[in-house]
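All chains are named by letter (A, B, ...) in the order of the sequence lines, taking the proteins before the strands, and each is independently numbered beginning at 1.
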Amino acid sequence: MFQAFFKTNSLIFAPMNQEDHLKKIIAHSKEYGYIFPSSDIYDGLSAVYDYGQHGAVLKNNIKDFWWKSMVDMNTNIVGIDSAIFMHPKIWKASGHVDQFNDPMIDNKDSKKRYRVDTLIEEKIEQYKRKGKDEKAAKLQESMDALLKEDDFVGLKELIEEHGIVDVFSGSKNWTDIKQFNLMFSTNWGSTGTDDELVYLRPETAQGIFVNYNNVMKSGRMKIPFGIAQIGKAFRNEIVARQFIFRMREFEQMEMQYFVRPGEEMKWYDHWKEKRMKWHLALGTPREKLKFHDHVKLAHYANAAVDIEFEFPMGFRELEGIHSRTDFDLTQHQEFSGKKLQYFDPELEKNYVPYVVETSIGLDRMFLSIISQAYQEEKLEDGSERVVMKIPVEIAPVKVAVLPLIRKDGLPEKALEIFDKLKYDYSCHYEEKDSIGKRYRRQDAIGTPYCITIDHDTMEDNTVTIRHRDSMKQDRVSVEALEKEMADKLDLKNLLTKI
RNA sequence: GCGGGAAUAGCUCAGCGGUAGAGCAUAACGUUGCCAACGUUAGGGUCGCCGGUUCAAUCCCGGUUUCCCGCUCCA
């Protein structure tokens, strides 16, 4: 009877350039409660964002999908939740303290950035070449003293005094010396003295490594086995931009897989494939994803690959799969003085396991989902709609229950249905405004199904299910509704694809 | 960090040296009842912040903060 009202929509995508695309996603995210700038009423805080009422749920749903696929789907992987604060020695052992703490200086004309110590050392070499050994020794001595004191003003004076020039621009136009610290630090204890500094973790992985013994023993783990973790990490980025792509406070989903030395490449390939399947299960087209092998490897790795996703600003790293060797456990063994080994009954010997890591940025995953989901459609009748085609199983609002009109007992009937569904799904109930307006509002949020209660419902106890993506409608009985929703919204639909 | 651009209502934006506007959104009432209906009404802005010029600054000038773009950096 109501077929006449429905036009088949022809889903033509309005062309969008990339810059506009990201801007629109940012605006839409704010307008519909996905992501807000942090501290908004105080003009925001650079590179920090808050997740709103729908964003928080979507984020939780992504976490849930990851956790289930990594932990629950594997008999030999467990999950932990380690603290953000960790013993300062951990960051010495991992290499984070020493490798990313050098004072830097920029030349204003060439725009080149230098490590202060290497810049001065070049001058020392220059003096030596010219036979001015005494001058060279004196400069070395001054530099060492100032570096030890972290005296940046003194170091800059030293650079000026010796007339050090930039090799590119020949200019002596230097900025002040700055120290770029990767890690945020905070004061431990209430007195706030310097010797009580602790760091906010720059990666969650170390929380797994330092718990290796605890988990292995308490869980009676047999190699190969994995430890997974989802948690916040903090990095002082030099340039932190592009919305939630690079934030100072962000969340990682990591799994460290402990393997027999020599078998790491087998597992590296295994996880490479598994993780790609995970992304494909969410419906991301294969051409929007690509593997990118690292040519230059980090100090701890013997193989590394990124899964890159085509974000609105181009292909960028979304997830990394790294073969980390035994570097981390060996380092912690040395620094802690505790054995971090495994007795392999087959080989009848002890060894430090090798590690294959999968590490995905949760916020980047979130951005990948909403940037794919956001679509502007031109419909056949000439009107437009904005719809968030989020994979239905992880959509923040699953079902909207809508009485066609606000009288004749329809709202009461609709609330009855809402009360049936609310235990299993996040549901919305709405009775304000015309039905069309309510459908469009749900489209903008990304609600996959709208259940509409009309006058026929009162007669024969059937309702319509309106589909977000196609805008088509089905009619089902209220009795069949719960099963219908369960079939469509079950996370199992995704998990079985991996 | 450097260079460029921007900042006005919840969102998108217009405007002007003389006490602030539109569309959408929000709320109320009426009408309607399956794809962003209509009418009436209401709420919402010290025009990012600080200073200067001026009789008068949202507008001009300087600084500052935040955001965007490019460069630089990036485990």
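- No engagement by A/Asp443 is indicated, since no non-hydrogen atom pair under 4.0 Å with the nucleic acid exists.
- Of the nucleotides present, B/C29 is the one that pairs with B/G39 by Watson-Crick or G-U wobble criteria, both distances under 3.5 Å.
- Across all strands shown, B/C2 forms a Watson-Crick or G-U wobble pair, both distances under 3.5 Å, with B/G70.
- When distances are taken from the side chain of A/Glu31 to each of B/C11, B/C35, B/C69, the shortest belongs to B/C11.
- Closest approach to the A/Leu404 side chain among B/C35, B/A36, B/G33 is made by B/G33 (side chain taken as heavy atoms from C-beta onward).
- For B/A27, one of the phosphate oxygens OP1 or OP2 lies less than 4.0 angstrom from a side-chain nitrogen or oxygen of A/Lys432.
- Between A/Asp474 atom CG and B/C34 atom C1' there is a gap of 14 Å when expressed in whole angstrom units.
- If you check distances only, the side chain of A/Arg235 never reaches the base of B/C74 with a donor-acceptor pair under 3.5 Å.
- Under 3.5 Å, the side chains of A/His279 and A/Glu319 contain a donor-acceptor pair of N or O atoms.
- Rounded to whole Å, the P atom of B/C61 lies 13 Å from the corresponding atom of B/G17.
- Nucleic acid contact for A/Arg441: sugar-phosphate only, since backbone atoms but no base atoms lie under 4.0 Å from a heavy atom of the residue.
- Taking the charged nitrogens against the carboxylate oxygens, A/Glu357 and A/Arg324 do have a contact shorter than 4.0 Å, which makes a salt bridge.
- Not one side-chain nitrogen or oxygen of A/Lys437 sits closer than 4.0 Å to the OP1 or OP2 atom of B/C35.
- Of the listed nucleotides (B/A36, B/G33, B/A75), B/G33 has the atom at the smallest distance from the side chain of A/Ile405.
- A/Lys24 forms no cation-pi arrangement with A/Tyr374, by the criterion of a distance under 6.0 Å to the ring centre and an angle within 45° of the ring axis.
- B/A20 and B/G44 have their C1' atoms separated by 13 Å, given to the nearest Å.
- For A/Asp433 and A/Arg440, the salt-bridge test fails: no basic side-chain N is under 4.0 Å from an acidic carboxylate O.
- Between A/Ser434 and B/A37 there is a side-chain N or O to OP1 or OP2 distance below 4.0 Å.
- Taking a pair to require two hydrogen-bonding distances under 3.5 Å in either a Watson-Crick or a G-U wobble arrangement, B/A14 remains unpaired.
- Comparing B/U26, B/A75, B/C35 by their nearest atom to the side chain of A/Asp433 picks out B/U26.
- Rounded to whole Å, the C1' atom of B/G51 lies 16 Å from the corresponding atom of B/U58.
- One can place CZ of A/Arg246 at 13 Å from P of B/C69, the figure rounded to the nearest angstrom.
- Separating the CD1 atom of A/Ile435 from the P atom of B/C35 is a distance of 10 Å, rounded to the nearest angstrom.
- When the P atom is compared between B/G1 and B/C73, the two are found 16 Å apart, to the nearest whole Å.
- Along RNA chain B, the nucleotide closest to A/Ile26 and the one closest to A/Tyr32 are compared, and the more 5′ of them pairs with A/Tyr32.
- Here the separation of B/U66 from B/U26, taken at their C1' atoms, is 27 Å to the nearest Å.
- We find that CE of A/Met313 is positioned 13 Å from C1' of B/C69, with the value rounded to whole Å.
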**Message:** Working note: A/Lys488 + A/His467, criterion side chain to side chain contact (heavy atoms under 4.5 Å, CB included); need CA distance, chi angles, decisive distance, verdict.
**Reply:** CA-CA 11 Å; A/Lys488 288 177 158 61; A/His467 300 255; 3.6 Å; yes

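- Looking at the side chain of A/Leu22, the nearest of the listed nucleotides B/U12, B/C34, B/C69 is B/C69.
- OP1 or OP2 of B/C35 has not a single side-chain nitrogen or oxygen of A/Lys472 nearer than 4.0 Å.
- A/Glu264 and A/Ser323 share no side-chain donor-acceptor pair at under 3.5 Å.
- Residue A/Met471 contributes atom CE, which lies 10 Å from atom C1' of B/C34 at whole-angstrom precision.
- Rounded to a whole Å, the CD1 atom of A/Ile465 is 15 Å from the C1' atom of B/C34.
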**Request:** Give the intermediate values and the outcome of ring-ring contact (aromatic ring centres under 6.0 Å, His included) for residues A/Phe245 and A/Phe243.
**Result:** CA-CA 6 Å; A/Phe245 183 81; A/Phe243 196 36; over 10 Å; no

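- With C1' as the reference atom, B/A56 and B/A9 are 25 Å apart, rounded to whole Å.
- In this structure, A/His28 places its NE2 atom 14 Å from C1' of B/C24, rounding to the nearest Å.
- Applying the Watson-Crick and G-U wobble criteria (two distances, each under 3.5 Å), B/G51 pairs with B/C61.
- A gap of 14 Å separates the C1' atoms of B/U46 and B/C50, to the nearest Å.
- Comparing A/Arg406 and A/Ala27 along RNA chain B, the residue whose closest nucleotide (by nearest heavy atom) sits nearer the 5' end is A/Ala27.
- Residue A/Leu367 holds its CG atom at 12.5 Å from CZ of A/Arg246, rounded to the nearest 0.5 Å.
- Put simply, A/Lys30 has a side-chain N or O that comes within less than 4.0 Å of OP1 or OP2 on B/C11.
- The CD1 atom of A/Ile25 sits 15 Å away from the C1' atom of B/C68 (whole-angstrom rounding).
- With a cut-off of 3.5 Å on both pairing distances, B/G44 has no Watson-Crick or G-U wobble partner at all.
- Base-pair partner of B/A20: not found among the strands shown (Watson-Crick or G-U wobble, both distances under 3.5 Å).
- The separation of B/G5 from B/C60, taken at their P atoms, amounts to 14 Å, rounded to a whole angstrom.
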